[in-house]
Amino acid sequence: MTCKWYGVCPLRRYETEGRIGLVWAEKYCKSDDGWMECERYKLEERSIYHPDNMLPDGTLDETLG
Ligand code: SF4
């Protein structure tokens, strides 16, 4: 099952722009249950702010804005 935030996640824009690879989507967003381990997902569930440049493993990519 794909993450429920797939369509609105800022990672899609970064993918389209070629700024990140598809590896994140494959490992997290589009995997059966990998999205449950996504730090973005976990924060969203708790309504805690997280910047657009936070990757699913919780690291901040300063090249993204
Ligand atoms: S980055 Fe996280 S919150 Fe965004 S679509 Fe992927 S799994 Fe869902």
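For clarity, every value in this text was computed on a predicted model and none was experimentally measured. Order of listing sets the numbers, starting from 1, for every ligand and every atom in it. Below, all heavy atoms of this structure are taken into account, side chains as well, without hydrogens, waters or symmetry copies. Count residues from 1 along the sequence.
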Exercise. His50 and Glu39: side-chain donor and acceptor closer than 3.5 Å?
Worked result: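 His50 vs Glu39: no donor-acceptor pair found between side chains.
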Exercise. Using a distance threshold of 2.8 Å, what protein N/O/S atoms lie below it relative to atom 8 (Fe) of ligand 1?
Worked result: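 Short answer, with waters excluded from the count: Cys3 SG.
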Problem set entry | Main-chain N/O of Lys27 paired to Ser31 side chain as donor or acceptor, under 3.5 Å |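 Yes, because the side chain of Ser31 sits within donor-acceptor range (under 3.5 Å) of the backbone of Lys27.
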Problem set entry | Ring centroid separation Trp35 to Tyr28 under 6.0 Å |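 Here the rings of Tyr28 and Trp35 have centres that are no less than 6.0 Å from each other.
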Exercise. With a 4.5 Å limit on heavy-atom distance, are the side chains of Arg40 and Pro10 in contact?
Worked result: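 Yes; the side chains approach each other to less than 4.5 Å.
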Problem set entry | Salt-bridge present (Glu45, Lys42; N to O < 4.0 Å) |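 Salt bridge flag = no for Lys42 with Glu45.
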Exercise. Looking at Arg12, which atoms of ligand 1 are within less than 4.0 Å of one of its heavy atoms?
Worked result: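 Near Arg12, meaning under 4.0 Å from one of its heavy atoms, ligand 1 has 5 (S).
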Exercise. Taking all non-hydrogen atoms of both residues, which atom of Trp24 and which atom of Asp57 are closest, and how far apart?
Worked result: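 That closest heavy-atom pairing would be CH2-OD2, 3.6 Å.
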